[in-house]
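We name chains A, B, ... by the order of the sequence lines, and we start the count at 1 in each one.
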4 protein chains.
Amino acid sequence: MSEMAAGSKLRPLEDGTAEAPREVRARDPERTRASILAAATVEFSARGFAGAGIDAIASRSGANRRMIYHYFGSKRGLWLAVLEAAYERARMSEVALHLDELAPVEAMRALVTFTFDSFIGDRTFINLLNSENLHQARHLKESARVKGLHSPLIGMLTAILDRGVAAGVFRAGVDPAQLWISIAGLSYFYFSNQFTLSVILDRNLQSKAELDERRAHVADLIVHSLLA
Amino acid sequence: MSEMAAGSKLRPLEDGTAEAPREVRARDPERTRASILAAATVEFSARGFAGAGIDAIASRSGANRRMIYHYFGSKRGLWLAVLEAAYERARMSEVALHLDELAPVEAMRALVTFTFDSFIGDRTFINLLNSENLHQARHLKESARVKGLHSPLIGMLTAILDRGVAAGVFRAGVDPAQLWISIAGLSYFYFSNQFTLSVILDRNLQSKAELDERRAHVADLIVHSLLA
Amino acid sequence: MSEMAAGSKLRPLEDGTAEAPREVRARDPERTRASILAAATVEFSARGFAGAGIDAIASRSGANRRMIYHYFGSKRGLWLAVLEAAYERARMSEVALHLDELAPVEAMRALVTFTFDSFIGDRTFINLLNSENLHQARHLKESARVKGLHSPLIGMLTAILDRGVAAGVFRAGVDPAQLWISIAGLSYFYFSNQFTLSVILDRNLQSKAELDERRAHVADLIVHSLLA
Amino acid sequence: MSEMAAGSKLRPLEDGTAEAPREVRARDPERTRASILAAATVEFSARGFAGAGIDAIASRSGANRRMIYHYFGSKRGLWLAVLEAAYERARMSEVALHLDELAPVEAMRALVTFTFDSFIGDRTFINLLNSENLHQARHLKESARVKGLHSPLIGMLTAILDRGVAAGVFRAGVDPAQLWISIAGLSYFYFSNQFTLSVILDRNLQSKAELDERRAHVADLIVHSLLA
DNA sequence: TATGAATGAGTCTTCATTCAT
DNA sequence: GATGAATGAAGACTCATTCAT
């Protein structure tokens, strides 16, 4: 009730001081767009597509509600833009990974560890993906930017597997795409479902000790599963 | 988990039992409650917590909108009831699994396969869990019925691992709880994210061929990772 | 207070000013806000806070229901705005009273009479105050606009009493604030409770004759009570 | 008025006697009715007619919601019963007042003081009256029990005035009914509006000191106004 | 580019009341 | 006498979106 301010004054009534009478909020399209996108990422991630509100996004971004429609056309358009940006961030961090100089087993371990650690501390991508899958990828399907943009990790996995098989340390016949899904899933599920799992298992899966244990378990599991 | 499809039909109406003619709107609390729960399971699963509407649930269930509040108190109360029921169905199907008579490797393969297959054809549990994790298990935390109700599969895994180690076919030192998370995650992620993955990988992950390939990959991966 | 009757008519269509033809639904925030406030004053006064409905207010004002939330944030925000406006109208009519040139006794009689007459014909202020007191002034307490805004009549009373005591016609030692409460209460109770009193006493307290009798009684009572 | 103590006990669960194991809630029509009435008095007084809810009253009284309709027919019927009971309690405490043996001035002072004190500590009657007046005494008008049941204080006032005039201490020509309204109003307004007045005057009108001051002021005012 | 005003359908929830037992 | 089940209308409030400036 404290913020009631019963219409005492809605409009700030920015009383026209002499110097900058008109430019209350600078006109910077690039920045406006980016701030909306950032705010939308937070809101969509935290509340899902249906749970997030245009108003909340607008006020979080500091921009006018109408600007969202100006730049993104609709709530769904904004959602798609958020999703695409999230994919691009993820892919961008993946391509920065260099494993060529490591031996196959160490390279594999590094890749698994990198994947695991990428989920720590930020549920944004997980939440967006889960929401989009709830909607059966309806939006993503229509994205020219993302369609078929599979992870660079698959290429890396192919190389590592080849080198491992050639060196006689890895068994042959493992499909890199399946393996990628497995590596991702081993970490993804742990983080995606960490809250319900923590209740069910009566453990705090976010603690440092649990994270360390899980990371080691996942890396061990993958490596052992590949040994010749 | 697979046989969830409860409430897919509005008012079963199949009651033509001999005894009672049944008036148009029977006074049958048990049935009313169940039909609401079934309808809510469908709606919540299909649209998430925020996306599902009380009105849609009411009209799908054939019950009055007010009855939802009569029986479940609130949307959140209804959500929790749906979630608890889903857990109970899942656990119930798991305890029906008997692996004692299989050799360790076959038992492990059967358990993995069972888990994988439990997700086929029904996304209900996955969607509910993802939604609940979006809300950080806020509701589940307060459920006396589910708290600490971990999967019976963990106990089975412990037994299988022990037998395998004793028989010299499995390596020692694998934590059953971690292994359970891994087995679940290997399948869960595939199904949970199948729509976005299908777009990204440009494959139809729901096809029979893909399912067969994935099932085999997951079982192989787990078994290989455990071999001594 | 007496001229409150604002908003008794839906949409004051009297604007036939020459300049603008005025579209069907003009975009005129000032006017929209004012029409909502007027409609709310009528509804709140007639039915109390709980009894009044947002829908009724909206349709009486001719504005969209959503506009109420746009301008006033909530039902309580609207209530507070209505209350504040009522206080301001009351205070404004009081300050227009000039008693300096009258002898103490006549001035006192005029002040009492003015107070009494201010309640005739419009229960708005009484009903709002009673409702707000039912809620223990919960809203008013947080009004910066009204807090401590006591009646200008108290100042006038102080002056009249002083003059009267100096002239030897009034006894000393009468507290102006207490006296103000008394003068207000003598009239307020009569009007506030006129319906139940009319039933109990089996008289029509709204009739001209009764009003005249009461006005005289109150003025006499106050004046006699102050005589030296 | 002060000893109303309506609804002081919620749900009298004291029955744990051995004999009647089945009759969880004993069938005691008298008691059920009384507990509903008490609960309704509290709720109606605290929230007004529109603000009070049948459910809240039912659960406060410990009785079934349906019982309210059984005993009182409707919400309005219940309201009227509450109102009538309040009037009867008030009148009953008034008739207990004996002033015949006091000198006119002391008797008058006692009557005023009694009236003032009757409002301390319990707003029930005030709130009910204000609500009923908001509805223009719509219910009371149809009460055979209350119609024309004016206060016994009026008769007492007549006697005191007569004795005072005869003794030469009171002026003649004061109408007892008007005087009664004045005496009531002087106290009623102070208590009825104590919350808004406290805000406006920036004083705590409920404090002991303020009450004492007001009581004295009111008694003085009445007595002075009557002196010959 | 940017913004507040405006909207109608929608949200969850509670209302007073009646029915069947 | 007493109770839980059931109801349709209404409650306050929010939704994504478009209009006018």
Side-chain angles (χ1 to χ4, degrees), chain A residues 10-12 22-33 50-58 63-71 73-76 78, chain B residues 23 25-33 50-58 63-71 73-76 78, chain C residues 23 25-33 50-58 63-78, chain D residues 23-33 50-58 63-71 73-76 78:
Chain A
L10 311 180
R11 278 177 292 170
R22 221 56 309 258
E23 302 215 6
V24 177
R25 191 143 305 161
R27 298 196 173 201
D28 185 341
E30 209 62 34
R31 213 154 66 133
T32 301
R33 213 194 108 99
I54 291 286
D55 269 16
I57 293 170
N64 186 279
R65 190 192 320 134
R66 189 62 187 71
M67 286 294 91
I68 292 174
Y69 290 92
H70 184 63
Y71 285 109
S74 68
K75 192 187 186 184
R76 292 179 55 170
L78 178 55
Chain B
E23 305 224 8
R25 191 73 26 109
R27 178 163 295 228
D28 186 341
E30 211 64 35
R31 181 119 80 109
T32 301
R33 214 194 107 100
I54 291 286
D55 269 14
I57 292 170
N64 186 283
R65 189 190 328 155
R66 187 66 239 284
M67 285 291 92
I68 292 175
Y69 292 91
H70 186 57
Y71 284 109
S74 66
K75 191 185 187 185
R76 291 179 56 169
L78 178 54
Chain C
E23 304 224 9
R25 192 68 32 105
R27 180 164 292 230
D28 186 341
E30 212 63 36
R31 181 120 80 112
T32 300
R33 214 193 108 100
I54 290 287
D55 269 14
I57 294 169
N64 186 283
R65 188 191 328 154
R66 187 67 239 286
M67 285 292 92
I68 292 174
Y69 293 92
H70 186 57
Y71 285 108
F72 301 97
S74 67
K75 191 186 187 184
R76 292 177 56 171
L78 178 56
Chain D
E23 304 213 5
V24 178
R25 190 134 312 159
R27 298 197 171 200
D28 185 341
E30 210 62 35
R31 211 154 66 132
T32 300
R33 213 194 107 99
I54 291 286
D55 269 15
I57 293 168
N64 187 281
R65 191 190 319 134
R66 188 64 186 71
M67 285 295 92
I68 292 174
Y69 290 91
H70 184 64
Y71 284 110
S74 66
K75 191 186 186 184
R76 292 179 54 169
L78 178 55

Q. Taking the side chain of B/Met67 as heavy atoms from C-beta outward, which of E/dT1, E/dT17, F/dA5 is closest to it?
A. F/dA5
(Q) If the cut-off is 4.0 Å, is A/Thr32 near the phosphate of E/dT1, judged by side-chain N/O to OP1 or OP2? (A) no
(Q) Please find the pair of heavy atoms, one from C/Tyr69 and one from C/Lys75, that lie closest to each other, and give the distance. (A) CE2-N, 4.4 Å
Q: Please check the phosphate of F/dG8 (OP1 and OP2 only) for any side-chain N or O of B/Asn64 closer than 4.0 Å.
A: yes
Q. How long is the span from the CD atom in D/Glu30 to the OG1 atom in D/Thr32, to the nearest 0.5 Å?
A. 9.5 Å
**Q.** Whole-Å distance separating the CZ atom of A/Arg65 from the P atom of E/dA2
**A.** 16 Å
Q | Candidate nucleotides F/dA16, E/dA5, F/dT7, ranked by approach to the side chain of C/Arg66 - the nearest | A | F/dA16
Q: Would you indicate what A/Ala52 reaches in the nucleic acid, counting non-hydrogen atoms under 4.0 angstrom: base, sugar-phosphate, or nothing?
A: sugar-phosphate
Q.
Whether A/Ser74 contacts F/dA16 is assessed here as follows: a side-chain N or O lying under 4.0 Å from the phosphate OP1 or OP2. Is that the case?
A. no
Q) For the pair made of CG in D/Asp55 and P in E/dT18, what is the distance, rounded to whole Å? A) 15 Å
Q) Between F/dA6 atom P and B/Arg31 atom CZ, what is the distance in whole Å? A) 11 Å
**Q.** Whole-Å gap separating C1' (E/dG8) and NE2 (C/His70)
**A.** 16 Å
**Q.** Between C1' of E/dT14 and CD1 of C/Ile54, the distance in whole Å
**A.** 16 Å
Q | Contacts of type side chain to side chain donor-acceptor pair (under 3.5 Å), residue B/Arg65, not counting sequence neighbours | A | B/Asp55
**Q.** Nearest-neighbour nucleotide for the D/Tyr69 side chain, E/dT1, F/dC13, E/dA16 considered
**A.** E/dA16
Q. Can you name the residues that form a side chain to side chain donor-acceptor pair (under 3.5 Å) with C/Arg66, not counting sequence neighbours?
A. none
Q) What's the CD1-C1' distance between A/Ile68 and E/dT1, to the nearest Å? A) 15 Å
Q) Can you tell me how far C1' of F/dG11 sits from CZ of C/Arg76, to the nearest Å? A) 16 Å
Q) What is the distance from NZ of C/Lys75 to P of F/dC13, rounded to the nearest Å? A) 7 Å
Q: Side chain of D/Tyr71 only, please: which of F/dA2, F/dT7, F/dT17 is the nearest?
A: F/dA2
Q | Bracket string, DNA chain E, 5' to 3' - pairs by Watson-Crick or G-U geometry under 3.5 Å, | interstrand | A | .||||||||||||||||||||
(Q) Please give me the minimum heavy-atom distance between C/Ile68 and C/Ile54, naming the atom from each residue. (A) CD1-O, 3.7 Å
